[in-house]
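See structure below.
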Amino acid sequence: MTQNRESVTPARRPGVPELRPVGESPVQPPMQEPPMQEPPLHESALQEPPLQESAPQESPPRTNQDLPRDRSQAILEAAKQIGALLKRTGHQFALAGSVAVYAHGGSGHLQHDADFCIRRSDAQAVAGTLTEAGLTVRTPPEDWLIKTTCFGQDVDILFELAHRPVTTDILARAHDLPVDSVRMPVLAPTDLMRALIEPFSEHYCDFGPVLAAARALREKVDWEDVRRSCGDEPMPAAFFFLLERLNVIAPREESR
(Lines give C-alpha, C1' and ligand atoms only; values in the text may rest on other atoms or scores of the structure.)
Protein backbone atom coordinates (compact mmCIF):
# COMPACT_ATOMS: atom_id res chain seq x y z
CA MET A 1 0.00 0.00 0.00
CA THR A 2 2.80 2.30 0.87
CA GLN A 3 4.48 1.53 -2.40
CA ASN A 4 1.27 2.18 -4.34
CA ARG A 5 0.78 5.57 -2.62
CA GLU A 6 4.37 6.54 -3.30
CA SER A 7 4.10 5.45 -6.90
CA VAL A 8 0.89 7.35 -7.47
CA THR A 9 2.00 10.56 -5.81
CA PRO A 10 5.33 11.03 -7.65
CA ALA A 11 3.63 10.08 -10.91
CA ARG A 12 1.22 12.98 -10.51
CA ARG A 13 3.76 15.50 -9.25
CA PRO A 14 6.36 15.22 -11.95
CA GLY A 15 3.86 14.46 -14.67
CA VAL A 16 1.46 17.33 -14.26
CA PRO A 17 3.80 20.23 -13.48
CA GLU A 18 6.28 19.29 -16.17
CA LEU A 19 3.67 18.95 -18.89
CA ARG A 20 1.71 22.08 -18.05
CA PRO A 21 4.56 24.60 -18.45
CA VAL A 22 5.41 23.11 -21.81
CA GLY A 23 1.86 22.75 -22.97
CA GLU A 24 -1.24 24.63 -21.99
CA SER A 25 -0.03 26.17 -18.74
CA PRO A 26 -2.00 28.99 -17.14
CA VAL A 27 1.26 30.61 -16.12
CA GLN A 28 2.73 31.02 -19.62
CA PRO A 29 -0.09 32.86 -21.39
CA PRO A 30 0.13 35.80 -18.96
CA MET A 31 3.82 35.93 -19.82
CA GLN A 32 2.92 36.07 -23.50
CA GLU A 33 0.09 38.57 -23.06
CA PRO A 34 2.31 41.56 -22.14
CA PRO A 35 4.10 41.30 -25.51
CA MET A 36 0.66 41.19 -27.12
CA GLN A 37 -0.30 44.29 -25.16
CA GLU A 38 2.94 46.09 -26.09
CA PRO A 39 1.86 46.95 -29.65
CA PRO A 40 -0.83 49.31 -28.35
CA LEU A 41 1.87 50.93 -26.24
CA HIS A 42 4.07 51.18 -29.29
CA GLU A 43 1.18 52.49 -31.35
CA SER A 44 0.46 55.15 -28.77
CA ALA A 45 4.12 56.01 -28.78
CA LEU A 46 4.07 56.16 -32.55
CA GLN A 47 1.19 58.59 -32.39
CA GLU A 48 3.42 61.11 -30.61
CA PRO A 49 6.10 61.56 -33.31
CA PRO A 50 3.58 63.06 -35.73
CA LEU A 51 2.96 65.65 -33.03
CA GLN A 52 6.70 66.19 -32.77
CA GLU A 53 7.07 66.29 -36.55
CA SER A 54 4.21 68.74 -36.92
CA ALA A 55 5.99 71.29 -34.76
CA PRO A 56 8.99 71.60 -37.11
CA GLN A 57 6.60 71.69 -40.04
CA GLU A 58 4.84 74.67 -38.52
CA SER A 59 8.06 76.60 -37.94
CA PRO A 60 9.08 77.10 -41.61
CA PRO A 61 5.86 78.94 -42.46
CA ARG A 62 6.41 81.17 -39.45
CA THR A 63 9.95 81.83 -40.63
CA ASN A 64 8.80 82.38 -44.19
CA GLN A 65 6.31 84.95 -43.02
CA ASP A 66 9.24 86.97 -41.76
CA LEU A 67 11.33 86.37 -44.89
CA PRO A 68 10.97 88.41 -48.09
CA ARG A 69 8.61 87.08 -50.73
CA ASP A 70 11.21 86.87 -53.55
CA ARG A 71 14.92 87.33 -54.18
CA SER A 72 14.71 90.99 -55.18
CA GLN A 73 12.84 91.72 -51.97
CA ALA A 74 15.40 89.66 -50.02
CA ILE A 75 18.26 91.72 -51.50
CA LEU A 76 16.40 94.91 -50.65
CA GLU A 77 15.76 93.78 -47.07
CA ALA A 78 19.41 92.80 -46.70
CA ALA A 79 20.49 96.24 -47.92
CA LYS A 80 18.14 97.91 -45.47
CA GLN A 81 19.40 95.84 -42.55
CA ILE A 82 23.09 96.43 -43.30
CA GLY A 83 22.57 100.09 -44.15
CA ALA A 84 20.64 100.73 -40.95
CA LEU A 85 23.35 98.97 -38.94
CA LEU A 86 26.21 100.95 -40.49
CA LYS A 87 24.32 104.21 -40.12
CA ARG A 88 23.40 103.49 -36.50
CA THR A 89 27.00 102.75 -35.59
CA GLY A 90 28.33 105.91 -37.26
CA HIS A 91 30.30 104.42 -40.17
CA GLN A 92 30.86 106.43 -43.34
CA PHE A 93 29.58 104.42 -46.31
CA ALA A 94 27.43 104.57 -49.42
CA LEU A 95 25.04 102.11 -51.03
CA ALA A 96 26.16 100.91 -54.48
CA GLY A 97 25.14 98.44 -57.17
CA SER A 98 21.63 97.59 -58.31
CA VAL A 99 20.02 98.62 -55.02
CA ALA A 100 21.54 102.09 -55.45
CA VAL A 101 20.05 102.24 -58.95
CA TYR A 102 16.69 101.32 -57.42
CA ALA A 103 17.06 104.08 -54.81
CA HIS A 104 17.62 106.61 -57.64
CA GLY A 105 14.42 105.47 -59.35
CA GLY A 106 15.56 102.41 -61.29
CA SER A 107 14.01 98.98 -61.60
CA GLY A 108 13.06 96.94 -58.57
CA HIS A 109 14.43 93.82 -60.28
CA LEU A 110 17.66 93.65 -58.31
CA GLN A 111 20.80 91.85 -59.43
CA HIS A 112 22.93 89.33 -57.59
CA ASP A 113 23.54 90.95 -54.20
CA ALA A 114 23.63 94.14 -52.14
CA ASP A 115 26.72 96.33 -52.45
CA PHE A 116 28.13 98.95 -50.10
CA CYS A 117 31.34 100.95 -50.42
CA ILE A 118 33.60 102.12 -47.62
CA ARG A 119 37.16 103.35 -47.32
CA ARG A 120 39.77 100.65 -46.94
CA SER A 121 40.92 102.23 -43.71
CA ASP A 122 37.46 101.61 -42.22
CA ALA A 123 37.29 97.95 -43.20
CA GLN A 124 38.38 96.51 -39.86
CA ALA A 125 35.93 98.67 -37.89
CA VAL A 126 33.07 97.79 -40.22
CA ALA A 127 33.93 94.08 -40.00
CA GLY A 128 33.87 94.37 -36.21
CA THR A 129 30.43 95.99 -36.29
CA LEU A 130 29.04 93.25 -38.53
CA THR A 131 30.52 90.55 -36.31
CA GLU A 132 29.09 92.10 -33.15
CA ALA A 133 25.69 92.10 -34.83
CA GLY A 134 25.95 88.32 -35.26
CA LEU A 135 26.89 88.31 -38.95
CA THR A 136 29.71 86.20 -40.33
CA VAL A 137 32.33 88.25 -42.17
CA ARG A 138 34.26 86.50 -44.93
CA THR A 139 37.46 87.60 -46.64
CA PRO A 140 37.52 86.40 -50.28
CA PRO A 141 40.70 86.05 -52.34
CA GLU A 142 40.07 89.50 -53.82
CA ASP A 143 41.70 92.08 -51.58
CA TRP A 144 39.24 94.87 -52.39
CA LEU A 145 36.16 93.74 -50.47
CA ILE A 146 34.77 91.75 -47.58
CA LYS A 147 31.56 89.75 -47.63
CA THR A 148 28.72 88.84 -45.32
CA THR A 149 25.26 87.30 -45.66
CA CYS A 150 21.89 88.71 -44.63
CA PHE A 151 18.46 87.18 -45.35
CA GLY A 152 20.32 84.50 -47.28
CA GLN A 153 21.74 87.07 -49.69
CA ASP A 154 25.36 88.02 -50.24
CA VAL A 155 26.37 91.51 -49.17
CA ASP A 156 29.61 92.93 -50.56
CA ILE A 157 31.46 95.68 -48.69
CA LEU A 158 33.72 97.26 -51.32
CA PHE A 159 36.92 99.23 -50.84
CA GLU A 160 37.27 99.84 -54.59
CA LEU A 161 34.89 100.77 -57.39
CA ALA A 162 36.05 99.76 -60.87
CA HIS A 163 39.61 99.37 -59.59
CA ARG A 164 39.56 102.85 -58.09
CA PRO A 165 39.80 103.21 -54.30
CA VAL A 166 36.75 104.47 -52.47
CA THR A 167 37.66 107.93 -51.21
CA THR A 168 36.22 110.40 -48.74
CA ASP A 169 35.18 112.59 -51.69
CA ILE A 170 33.14 109.78 -53.25
CA LEU A 171 31.36 109.13 -49.97
CA ALA A 172 30.81 112.86 -49.44
CA ARG A 173 29.06 113.10 -52.83
CA ALA A 174 26.57 110.39 -51.85
CA HIS A 175 22.89 111.33 -51.75
CA ASP A 176 20.79 110.71 -48.67
CA LEU A 177 17.86 108.75 -50.12
CA PRO A 178 15.13 106.43 -48.86
CA VAL A 179 15.82 102.81 -49.67
CA ASP A 180 12.32 101.47 -49.28
CA SER A 181 11.69 102.54 -45.68
CA VAL A 182 15.28 103.24 -44.57
CA ARG A 183 17.19 106.41 -45.45
CA MET A 184 20.90 106.00 -46.11
CA PRO A 185 23.71 107.48 -48.23
CA VAL A 186 23.58 106.27 -51.83
CA LEU A 187 26.30 106.74 -54.44
CA ALA A 188 25.76 109.80 -56.62
CA PRO A 189 24.38 108.87 -60.08
CA THR A 190 27.58 109.83 -61.93
CA ASP A 191 29.79 107.84 -59.55
CA LEU A 192 27.35 104.95 -59.73
CA MET A 193 27.30 104.78 -63.54
CA ARG A 194 31.08 105.17 -63.66
CA ALA A 195 31.42 102.17 -61.34
CA LEU A 196 29.08 100.14 -63.57
CA ILE A 197 30.60 101.03 -66.96
CA GLU A 198 34.34 101.16 -66.29
CA PRO A 199 34.71 97.42 -65.50
CA PHE A 200 33.52 96.41 -69.01
CA SER A 201 36.20 94.34 -70.73
CA GLU A 202 36.60 91.37 -73.04
CA HIS A 203 35.96 89.12 -70.06
CA TYR A 204 32.93 91.00 -68.75
CA CYS A 205 30.56 92.94 -70.98
CA ASP A 206 27.02 92.24 -69.82
CA PHE A 207 25.35 95.40 -71.12
CA GLY A 208 21.77 94.44 -70.22
CA PRO A 209 21.48 95.46 -66.55
CA VAL A 210 23.68 98.54 -67.03
CA LEU A 211 21.62 99.64 -70.03
CA ALA A 212 18.48 99.57 -67.87
CA ALA A 213 20.31 101.59 -65.20
CA ALA A 214 21.53 104.14 -67.78
CA ARG A 215 17.99 104.64 -69.07
CA ALA A 216 16.67 105.14 -65.53
CA LEU A 217 19.39 107.62 -64.51
CA ARG A 218 20.22 109.33 -67.80
CA GLU A 219 18.93 112.75 -66.70
CA LYS A 220 20.95 112.61 -63.47
CA VAL A 221 24.37 111.58 -64.83
CA ASP A 222 27.23 113.74 -66.03
CA TRP A 223 27.94 111.57 -69.06
CA GLU A 224 30.96 113.56 -70.22
CA ASP A 225 32.56 112.96 -66.83
CA VAL A 226 31.92 109.23 -67.16
CA ARG A 227 33.33 109.20 -70.72
CA ARG A 228 36.50 110.92 -69.58
CA SER A 229 36.94 108.38 -66.77
CA CYS A 230 36.61 105.46 -69.16
CA GLY A 231 39.03 106.92 -71.68
CA ASP A 232 39.43 104.98 -74.91
CA GLU A 233 38.73 101.52 -73.52
CA PRO A 234 36.92 99.59 -76.28
CA MET A 235 34.13 97.96 -74.26
CA PRO A 236 32.99 101.13 -72.48
CA ALA A 237 33.25 102.92 -75.84
CA ALA A 238 31.00 100.26 -77.39
CA PHE A 239 28.50 100.76 -74.60
CA PHE A 240 28.46 104.54 -75.11
CA PHE A 241 27.90 103.95 -78.84
CA LEU A 242 24.94 101.72 -77.95
CA LEU A 243 23.52 104.42 -75.68
CA GLU A 244 23.80 106.95 -78.50
CA ARG A 245 22.09 104.68 -81.05
CA LEU A 246 19.25 104.04 -78.58
CA ASN A 247 18.91 107.79 -77.91
CA VAL A 248 19.66 107.31 -74.24
CA ILE A 249 22.42 109.94 -74.42
CA ALA A 250 23.30 112.56 -76.99
CA PRO A 251 26.07 111.75 -79.46
CA ARG A 252 29.45 113.12 -78.55
CA GLU A 253 30.45 116.07 -80.65
CA GLU A 254 33.80 115.45 -82.29
CA SER A 255 36.19 118.38 -82.32
CA ARG A 256 37.31 119.46 -85.79
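Any value given below was found using the heavy atoms of this structure, including those in side chains, with hydrogens, waters and symmetry copies removed. Just so we're clear, the structure is a prediction, and the values are computed from it rather than from any experiment.
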- Verify the cluster assignment for Val186 and Leu76: are they in a single hydrophobic cluster under the rule of side-chain heavy atoms below 4.5 Å apart? yes
- Query: At their closest point, which heavy atom of Pro185 faces which heavy atom of Ala174, and how far apart are they?
  - Reply: CB-CB, 4.0 Å
- Query: For Phe116 and Ala79, which heavy atoms make the closest approach, and how far apart are they?
  - Reply: CZ-O, 3.3 Å
- Item | Main-chain N/O of Arg218 paired to Trp223 side chain as donor or acceptor, under 3.5 Å | yes
- Item | Min side-chain heavy-atom separation Arg138-Asp154 under 4.5 Å | yes
- Query: ring-ring contact (aromatic ring centres under 6.0 Å, His included) with Phe241: which residues, sequence neighbours excluded?
  - Reply: none
- Using atom types as modelled and distance alone, determine if a side-chain donor or acceptor of Thr148 lies under 3.5 Å from a backbone N or O of Val137. no
- Task: Sorted by first residue and then second, give each salt bridge (charged side-chain N to carboxylate O under 4.0 Å, His left out) pair with at least one member in residues 86-113; sequence neighbours left out.
- Result: none
- Query: Taking the side chain from Thr149 and the backbone from Gly152, do they hold a donor-acceptor pair closer than 3.5 Å?
  - Reply: no
- Query: Okay, side chain of Thr139, backbone of Ile146: is any donor-acceptor separation there less than 3.5 Å?
  - Reply: no
- Message: Assess, by modelled atom type and distance only, whether the side chains of Glu77 and Gln81 contain a donor and an acceptor separated by less than 3.5 Å.
- Response: no
- Item | Residues Thr168, Gln92; criterion side-chain contact (heavy atoms from CB on, under 4.5 Å); working and verdict | CA-CA 9 Å; Thr168 302; Gln92 192 172 8; 4.2 Å; yes
- Hey, are the side chains of Ile118 and Leu158 touching, using non-hydrogen atoms and a 4.5 Å cut-off? no
- Query: Between Phe200 and Pro236, which heavy-atom pair has the shortest distance, and what is it?
  - Reply: O-CD, 3.7 Å
- Under the side-chain contact (heavy atoms from CB on, under 4.5 Å) rule, what do Leu187 and Leu95 come out as? Steps first, then yes or no, please. CA-CA 6 Å; Leu187 276 181; Leu95 181 67; over 6 Å; no
- Can you list every salt bridge (charged side-chain N to carboxylate O under 4.0 Å, His left out) pair that touches residues 236-251, not counting sequence neighbours? Arg227-Glu244
- His104 and Leu177: CA distance, side-chain angles, deciding distance, side-chain contact (heavy atoms from CB on, under 4.5 Å) verdict: CA-CA 8 Å; His104 281 293; Leu177 298 175; 3.5 Å; yes
- Message: A side-chain contact here means heavy atoms from C-beta on lying under 4.5 Å apart; do Leu246 and Arg215 qualify?
- Response: yes
- Item | Heavy-atom pair with the smallest gap, counting every atom of Ala188 and His175 | CB-NE2, 3.9 Å
- Message: Test: side-chain hydrogen bond (donor to acceptor under 3.5 Å, both in side chains). Region: residues 234-243. Which pairs qualify, not counting sequence neighbours?
- Response: none
- Query: Can you list every salt bridge (charged side-chain N to carboxylate O under 4.0 Å, His left out) pair that touches residues 121-137, not counting sequence neighbours?
  - Reply: Arg119-Asp122
- Output the distance between atom CD1 (Ile82) and atom CG (Asp156), rounded to the nearest 0.5 Å. 11.0 Å
- Message: Under 4.5 Å between side-chain heavy atoms, counting indirect links through other Ile/Leu/Val/Met/Phe/Trp/Tyr residues: same cluster for Val210 and Leu243 or not?
- Response: yes
- Item | same_hphob_cluster(Leu110, Phe207) at 4.5 Å side-chain heavy-atom cutoff | no
- Item | Residue pair Asp143 / Phe159: nearest heavy atoms and the distance that separates them | O-CD1, 3.8 Å
- Close side-chain approach of Val126 to Phe93, heavy-atom, < 4.5 Å: no
- Item | Trp144 with Val155, same ILVMFWY side-chain cluster at under 4.5 Å | no
- Report the C-alpha distance between Leu192 and Leu161 in whole Å, list the side-chain angles of each, state the deciding distance to 0.1 Å, and finish with yes or no for side-chain contact (heavy atoms from CB on, under 4.5 Å). CA-CA 9 Å; Leu192 179 56; Leu161 294 171; over 6 Å; no
- Item | Connected via hydrophobic side-chain network under 4.5 Å: Ile197 and Tyr102 | no
- Under a 4.5 Å cut-off applied to non-hydrogen side-chain atoms, are Phe240 and Cys230 in contact? yes
- Could you tell me whether the side chain of Val99 reaches within less than 4.5 Å of the side chain of Ile75, counting heavy atoms only? yes
- Message: Using every non-hydrogen atom in the two residues, find where Val166 and Cys117 come nearest and quote the distance to one decimal.
- Response: CG2-CB, 3.7 Å
- Are any side-chain N or O atoms of Arg120 and backbone N or O atoms of Glu160, one a donor and one an acceptor, separated by less than 3.5 Å? no
- Keeping to residues at least two apart or across chains, list the side-chain hydrogen bond (donor to acceptor under 3.5 Å, both in side chains) pairs with something in residues 177-203. Lys80-Asp180, Lys80-Ser181, Arg164-Glu198, Arg173-Asp191, Asp176-Arg183, Asp191-Arg194, Arg194-Asp225, Arg194-Ser229
- Message: Within the 4.5 Å heavy-atom criterion, are Ile249 and Val221 side-chain neighbours or not?
- Response: no
